[in-house]
Amino acid sequence: MSHPHSLVHFLRHVSFPPDPHLLPTALKSCPTLPLARALHATALAAGVARDPFVASSLLHTYLRFGATVDARAVFDGTPRRTVVGWSALVAAHAARGDAEGAWRLLGEMRRGGGVEPNVITWNGLVSGLNRSGRAWDAAAALARMHGEGLLRPDATGVSCALSALGDVGLVSVGEQLHGYALKAGCSADACVVTALIDMYGKCARAGEIVRVFDESGHMDVASCNALVAGLSRNAQVSEALRLFREFVGRGAELNVVSWTSIVACCVQNGKDLEAVELFREMQAQGIEPNSVTIPCVLPAFANVAALMHGRSAHCFSLRKGFLLDIYVGSALVDMYAKCGRVRDARTIFDAMPSRNVVSWNAMIGGYAMQGEAVTAVRLFHSMLMCKQKPDPVTFTCVLSACTQAGLIEEGQCYFEEMQHEHGVSPRMEHYACMVTLLGRAGKLDEAYDLISDMPFEPDGCIWGSLLGSCRVHGNVDLAEVAAEKLFHLEPENAGNYVLLSNIYASKKMWDGVNRVREMMKDVGLKKEKGCSWIEIKSKVHMLLAGDDSHPMMTAIIEKIKQLNIEMRRLGFVPRTDFVLHDVEEQEKDDILAVHSEKLAVALGLISTSPGTNLRVIKNLRICGDCHEAMKFISCFEGREISVRDTNRFHHFRDGKCSCGDYW
DNA sequence: ATAGGGTTAG
């Protein structure tokens with residue numbers, strides 16, 4: 001039966017009536033709805049459509065293609081309408097999210113058909129509603145099943161309902177169901193245990209998930225997986241890793257879902273290098289990644305710019321046919337864009353068989369990150385032409401593109417259009433983009449007015465953006481306003497004090513400088529550790545500011561010293577004003593020397609052959625001094641260097657940067 | 001005819 005087409009061909013062209021024993025087999029493997037209809041016509045012509053086996057096959061085949069009307073017509077023509085057919089119809093309506101239709105059928109079967117629903121009918125209803133995202137209806141259906149007093153929900157129904165409750169965060173109902181499962185004696189069922197772990201995990205009850213798992217007392221792989229996912233959701237990455245290692249050690253039969261879960265867990269909790277390592281280990285264990293694993297691991301490659309790993313995931317996906325998958329495609333677009341290969345990203349994007357809002361956002365965001373604002377905006381218009389509805393993320397991408405390129409009127413235009421033409425209310429990040437857009441262009445008062453008119457409380461990013469712009473344009477008054485808010489919102493953020501101090505210093509307002517310095521002594525400051533990644537010969541190196549643990553650190557420092565001498569000789573002046581002011585003047589050079597992006601570039605210079613391009617990723621924004629230094633190094637060493645900071649890409653070449661120093 | 005676990009953009 002591997003060639004249904006030939007079978008259909010046979011059935012249509014034989015000169016004697018088709019065998020009712022053959023039709024169900026043909027229907028079972030029938031690949032399309034039109035062919036099913038053709039087979040139905042054949043059956044009618046041959047007078048066998050009412051044969052119980054043929055009719056049942058027709059019913060299920062129509063339901064498989066979602067053709068509920070055809071299915072119902074066939075069912076009504078059936079001599080004896082049994083609970084099996086009714087159940088299938090109810091489940092199909094529920095699975096399409098048609099709760100009302102499903103309930104109507106349930107009533108019809110009892111009154112019109114004189115058939116009582118059984119536990120399978122109810123379970124099918126709960127399960128279908130759950131899968132179609134009608135969580136409330138699913139919970140209500142289970143409650144009613146219980147309320148009817150005739151049927152006790154079994155493990156299947158409880159599992160489905162728990163799954164639905166987790167999705168909408170109805171933990172109190174979930175707890176009641178947990179209690180029912182204990183009473184009904186199905187709380188040890190493997191599916192119920194897994195569903196409980198899943199439900200508690202989605203409702204932020206990290207303690208409960210471990211308790212349920214421990215009490216279950218046996219190692220079911222799906223429960224293990226739910227546990228890892230639950231811990232991941234609740235940011236307990238070390239606990240998840242510890243348990244995963246324990247499962248491996250105890251010889252649990254972990255599958256591709258288990259490995260995908262732990263990889264996803266690491267990626268979602270900022271442990272990119274661990275994710276890369278686990279992905280490698282999974283394959284060493286003989287578990288082959290599938291089309292879910294790939295989009296899980298790709299962000300890890302993107303975050304540390306592991307282009308070679310990303311490329312091999314691309315090739316693997318190509319061989320496996322995963323490029324047809326919208327998740328895989330979107331994640332590849334994002335990965336290439338974040339590795340600075342926006343053209344490769346575009347190739348993937350153009351070849352995708354279908355695109356959703358995530359795919360478009362990834363591509364538009366990719367251009368924005370490159371500072372290719374015009375292309376980003378053009379693509380946004382193509383998106384609208386393709387009838388793809390934009391979402392809040394789309395506008396974050398479009399507005400940030402405008403910000404990078406100083407497209408002020410355009411940005412303001414999209415900010416208006418977003419609200420009035422696309423019905424997207426501005427969120428914090430949209431205001432942050434607008435404040436940056438106006439502030440960079442020197443329209444500080446307009447930026448301040450916008451903040452004042454915000455319908456909700458501005459956060460630290462908003463005021464931080466204003467403060468940064470005040471630094472660029474030397475506005476002390478607004479800087480003091482912004483800084484006061486920031487000292488309140490994020491008192492431990494060292495950068496804010498430094499910025500304000502720098503603004504005072506640039507105006508020679510030494511009283512202000514001293515005042516800020518005093519404040520810094522009083523509060524416990526937290527500086528986020530600068531961290532950069534560079535991929536050299538398929539290996540990703542991580543370099544931390546002020547950390548000398550890299551095995552090649554002596555050579556790296558030597559290289560930086562040598563570069564500093566050359567820079568000095570050629571008239572390059574270090575921008576020491578980007579350093580914290582609580583550092584003695586003579587130390588400033590040394591502090592600057594260990595910014596992580598410089599360590600990464602130095603390592604790249606001494607580990608690759610002359611002329612090789614270098615790609616560095618950094619967890620903070622690049623500082624002005626490093627920006628100048630990169631320009632110099634690109635020229636002096638004859639290298640192309642790209643640095644992706646939290647904001648965008650900087651491509652250094654022949655002493656110039658692609659951002660045109662506007663950042 | 002019904003069941004539980006992993007996925008992409010900012």
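A, B, ... follow the sequence lines: proteins, then strands. Residue 1 opens every chain. What you are looking at is a predicted structure, and each value in this text was computed from that prediction instead of being measured.
- Using a 4.0 Å cut-off on heavy atoms, the residues of residues 54-90 of chain A that approach DNA chain B are His60(A), Ser87(A), listed by number.
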Open item on the list: As a quick check of understanding, evaluate ring pair (Phe, Tyr, Trp, His ring centres under 6.0 Å) for Tyr367(A) and Phe349(A), giving each step before the final call.
Closed with: CA-CA 12 Å; Tyr367(A) 284 120; Phe349(A) 179 82; 8.7 Å; no
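- Residue contacts shown for Ser261(A) are limited to sugar-phosphate atoms, with no base heavy atom under 4.0 Å away.
- Between Phe279(A) and Trp259(A), a ring centre-to-centre spacing not shorter than 6.0 Å is recorded.
- When ring centroids are compared, Phe380(A) and Trp360(A) stay outside the 6.0 Å threshold.
- When heavy atoms are screened at a 4.0 angstrom cut-off, Ser400(A) is found touching no nucleic acid atom at all.
- Closest approach of Val435(A) and Ser465(A) over heavy atoms only: CG1-OG, 3.6 Å.
- The neighbour count for Trp103(A) CH2, taken as heavy atoms of other residues, nucleotides or ligands under 6.0 Å away, is above 12.
- Residue Val221(A) is in base contact, counting any heavy-atom pair closer than 4.0 Å across all strands shown.
- Inter-residue side-chain proximity for Val276(A) and Val297(A) is flagged as unmet; no heavy-atom pair is nearer than 4.5 Å.
- Counting non-hydrogen atoms under 4.0 angstrom, Ala229(A) reaches the backbone sugars and phosphates but no base.
- Within the 4.0 angstrom heavy-atom criterion, no nucleotide atom of any strand lies near Asp325(A).
- At the heavy-atom level, Asp154(A) lies nowhere under 4.0 Å from the strands shown.
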- [ ] Give the intermediate values and the outcome of salt bridge (Lys or Arg N to Asp or Glu O under 4.0 Å) for residues Arg81(A) and Glu108(A).
- [x] CA-CA 12 Å; Arg81(A) 297 189 296 177; Glu108(A) 228 177 305; 5.6 Å; no
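- Of all heavy-atom pairs between Leu278(A) and Val263(A), the closest is CB-CG2, 4.1 Å.
- Counting any heavy atom pair closer than 4.0 Å across all strands shown, Arg355(A) reaches no nucleic acid atom.
- For residues 101-108 of chain A, proximity to DNA chain B is found at no residue, defined as any non-hydrogen atom under 4.0 angstrom from a strand atom.
- For DNA chain B, the outermost nucleotides in 5' to 3' order that have an atom under 4.0 Å from a heavy atom of chain A are dA1(B) to dG10(B).
- In this structure, CD on Glu253(A) lies 11.0 Å from SG on Cys224(A), to the nearest 0.5 angstrom.
- Arg110(A) CZ: more than 12 foreign heavy atoms inside a 6.0 Å radius.
- Residues Phe415(A) and Tyr431(A) bring their aromatic ring centres within 6.0 Å.
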